[in-house]
2 protein chains.
Amino acid sequence: MNTVFKALSDPTRRRVLQLLQTGPLSAGDIGKHFDVSAPTMSAHFAVLKEADLIHAEKAGKSVIYHLKLSVLEDALLGFAQSFGIGEDTSTSSVKLEIKP
Amino acid sequence: MNTVFKALSDPTRRRVLQLLQTGPLSAGDIGKHFDVSAPTMSAHFAVLKEADLIHAEKAGKSVIYHLKLSVLEDALLGFAQSFGIGEDTSTSSVKLEIKP
DNA sequence: TTTATAATTAGCTAATTGTCTAATTGTTGT
DNA sequence: ACAACAATTAGACAATTAGCTAATTATAAA
């Protein structure tokens with residue numbers, strides 16, 4: 001969990017996650033969106049991987065990165081909920097109902 | 001928003017926010033929960049203040065810190081929502097209703 | 001089998017960060 | 001006025017970080 005927040009502390013890494021939100025992308029394709037060298041991007045990917053926020057899939061010459069949304073979700077909502085933010089409605093005085 | 005995530009990247013600072021969640025506390029009282037020097041704690045408070053996550057109120061010799069929950073909430077949920085996490089139910093096919 | 005391409009590793013630097021002790025500021029009580 | 005206490009600022013240091021270029025690895029294409 002600490003690694004997740006460490007990973008999220010850098011704006012470039014947050015933007016990488018946002019990019020990946022729309023679907024998997026190769027390291028190179030991600031890099032095109034940023035004005036930094038490939039090795040620098042590679043280091044960012046390593047941090048995101050360490051935090052388990054992304055997953056790498058080898059495809060020929062390329063490496064395709066996938067966002068692990070559930071890990072991000074667990075960290076973010078887990079922390080938020082420890083502050084009563086983003087409450088689970090099932091424990092409150094309101095009930096959820098499917099609209100007609 | 002970047003300052004918020006920077007602030008959240010340190011475990012000590014996250015724990016300070018958690019402590020403040022139950023109510024305002026003086027710098028000294030917060031410090032008692034941590035095994036670091038007062039100046040170090042002071043530096044952490046400065047980072048949290050810079051991120052607007054806490055607010056300082058002077059009271060005699062002491063400084064009372066208050067959590068600014070709405071700022072934390074906006075940053076956390078704002079970011080989460082950009083990933084479709086923690087969706088606003090009013091825009092989905094479910095409706096909220098007060099229980100009898 | 002070379003050659004080209006994608007990505008990472010190695011090695012370096014400058015800047016930032018978390019920590020400390022010592023000194024300073026501000027406030028209260030004697 | 002002075003001593004005690006709370007907190008911050010000043011200044012130093014080790015560790016980490018984000019960035020770079022050059023070199024390496026791995027795969028695909030000619």
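Chain letters run A, B, ... following the sequence lines, proteins first and then strands; every chain starts at 1. Just so it is clear, the values below take in all heavy atoms, side chains as well, and ignore hydrogens, waters and symmetry mates.
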Show the distances under 3.5 angstrom between N or O atoms of the protein and N or O atoms of nucleotides 11-16 of chain D.
none

A:E50, CD atom: more than 12 neighbouring heavy atoms under 6.0 Å =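 Atom CD in A:E50 is not packed in, count stays at 12 or less.
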key: Heavy atoms of other groups near B:Q21 CD, more than 12 under 6.0 Å   =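 Result for CD/B:Q21: enclosed.
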Nucleotide [N], atom [atom2] - distance to [atom1] of [X] in whole Å:
{"X": "B:E57", "N": "D:dA6", "atom1": "CD", "atom2": "P", "value": "17 Å"}
{"X": "A:D29", "N": "C:dA6", "atom1": "CG", "atom2": "C1'", "value": "11 Å"}
{"X": "A:M41", "N": "C:dT9", "atom1": "CE", "atom2": "C1'", "value": "17 Å"}
{"X": "B:K61", "N": "C:dT30", "atom1": "NZ", "atom2": "C1'", "value": "12 Å"}
{"X": "A:I30", "N": "C:dT8", "atom1": "CD1", "atom2": "P", "value": "9 Å"}
{"X": "A:D10", "N": "C:dT16", "atom1": "CG", "atom2": "P", "value": "14 Å"}
{"X": "B:N2", "N": "D:dA18", "atom1": "CG", "atom2": "C1'", "value": "13 Å"}

ask   = Just checking A:F34: base, sugar-phosphate only, or nothing, at a heavy-atom cut-off of under 4.0 Å?
value =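 Answer is nothing: A:F34 stays at 4.0 Å or more from every strand.
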ask   = With respect to the side chain of B:P39, which nucleotide from C:dT8, C:dA22, D:dG19 is positioned closest?
value =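 Nearest to the side chain of B:P39 among the choices is C:dA22.
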query = Which listed nucleotide (C:dG26, D:dC20, C:dA7) is nearest to the side chain of B:K58?
reply =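 Ranking C:dG26, D:dC20, C:dA7 by closest atom to the B:K58 side chain puts C:dG26 first.
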ask   = B:T40 side chain N/O closer than 4.0 Å to the phosphate oxygens (OP1, OP2) of C:dT19?
value =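 Answer is no, no contact under 4.0 Å.
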ask   = Hey, does the side chain of B:S37 come within less than 4.0 Å of C:dT19's phosphate (OP1/OP2), counting only N and O?
value =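 Result: no.
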inquiry  = Need to verify one output field. Residue with the more 5' nearest nucleotide on DNA chain D, A:R13 or B:K49?
reply    =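 So the residue in question is B:K49.
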